[in-house]
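A short write-up of the structure that comes next.
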Amino acid sequence: MAYWLLKSEPDVFSFADLQAAGREPWNGIRNYQARNFLRQMCPGDLGLFYHSNTQPPHIAGVLRVVSEPYPDDLQFVAASDYYDPRSSTEAPRWSMVDVEPVAAFALPVTLDDLRALPEWAESPLVRRGNRLSVMPVSEAEFRAALRAGQPAQSVD
DNA sequence: GCCAACGTTGGC
DNA sequence: GCCAACGTTGGC
């Protein structure tokens, strides 16, 4: 099983929104590096749901990948912000996976909290100027985040 | 294929 | 609102 970190701006789509929805496609990824990580995801993988562009930025909870990667439908929707005219149904450029909420963190784990954890010292997330919206997380990083976040429900 | 200009992300 | 980082675009 692999671990991931997925960023979302809470004003656009928050962990609470995912809890309300129950299951959602993680669409709108339009960066090749992030897309390539999405394509490595497998059902059962766990992810940290990171709230970006908020004060303070923080991990809000844990999600689970519940589908194989498949084409992001918004790339074909001309009216969508995520439309890509270079994409076709024969050769889709962008992928997504479906995700479900697993557990909210009792204690949101802020970026500063992560910087204080030795397990996170090497993560690109804690480095200045990092813009990658989907990234792999090591088991040690994941466990350290869980320990700090103290989710009410068991995650495993 | 190089690289300058531009656009976007996202912390501060 | 600023700006660092960095990906993308397009002229050449």
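Labels below follow one simple rule: chain letters A, B, ... track the order of the sequence lines, proteins then strands, and each chain is numbered from 1.
- Considering CG of A:N36 and CG of A:N31, their distance stands at 8.5 Å, rounded to 0.5 Å.
- Taking atom CZ on A:R30 and atom C1' on C:dT9, their separation rounds to 18 Å, with Å as the unit.
- Closest to the side chain of A:L111, from the set B:dC12, C:dT9, C:dG7, is B:dC12.
- We find the CZ-CD distance between A:R127 and A:E122 to be 7.0 Å, quoted to the nearest 0.5 Å.
- Here the side chains of A:V109 and A:L48 are not in contact, with every heavy-atom distance at 4.5 Å or above.
- Heavy atoms of A:R86 sit under 4.0 angstrom from primed sugar atoms or phosphate atoms, though from no base atom.
- For A:L125 and C:dA5, the CG to C1' distance is 14 Å, given to the nearest whole Å.
- Between A:S67 atom OG and A:R23 atom CZ the span is 6.0 Å, to the nearest 0.5 Å.
- Put simply, A:K7 has no side-chain N or O that comes within less than 4.0 Å of OP1 or OP2 on B:dT9.
- Closest to the side chain of A:Q55, out of B:dC12, C:dA4, B:dG10, is B:dC12.
- Of all nucleotides listed (B:dG7, B:dG11, C:dT9), B:dG7 comes nearest to the side chain of A:R131.
- Close to B:dT9, at under 4.0 Å from its OP1 or OP2, lies no side-chain N or O of A:Y50.
- In this entry the distance linking CZ of A:R128 with C1' of B:dC12 reads 8 Å, nearest Å.
- Out of C:dG7, B:dG11, C:dA4, the shortest distance to the side chain of A:P57 is found at B:dG11.
- Listed candidates were C:dT9, C:dG7, B:dG10. Nearest to the side chain of A:S52 is B:dG10.
- For residues 42-72 of chain A, the set of pairs meeting the ring pair (Phe, Tyr, Trp, His ring centres under 6.0 Å) definition, not counting sequence neighbours, comprises A:F15-A:F49, A:W26-A:F49, A:F49-A:H51, A:H51-A:H58.
- Atoms CE (A:M135) and C1' (C:dG7) sit 15 Å apart, rounded to a whole Å.
- The side chain of A:Y32 has C:dT8 as its nearest neighbour among C:dT8, B:dC12, B:dG10.
- The side chain of A:R115 lies closest to B:dG11 when the candidates are C:dA5, B:dG11, C:dG7.
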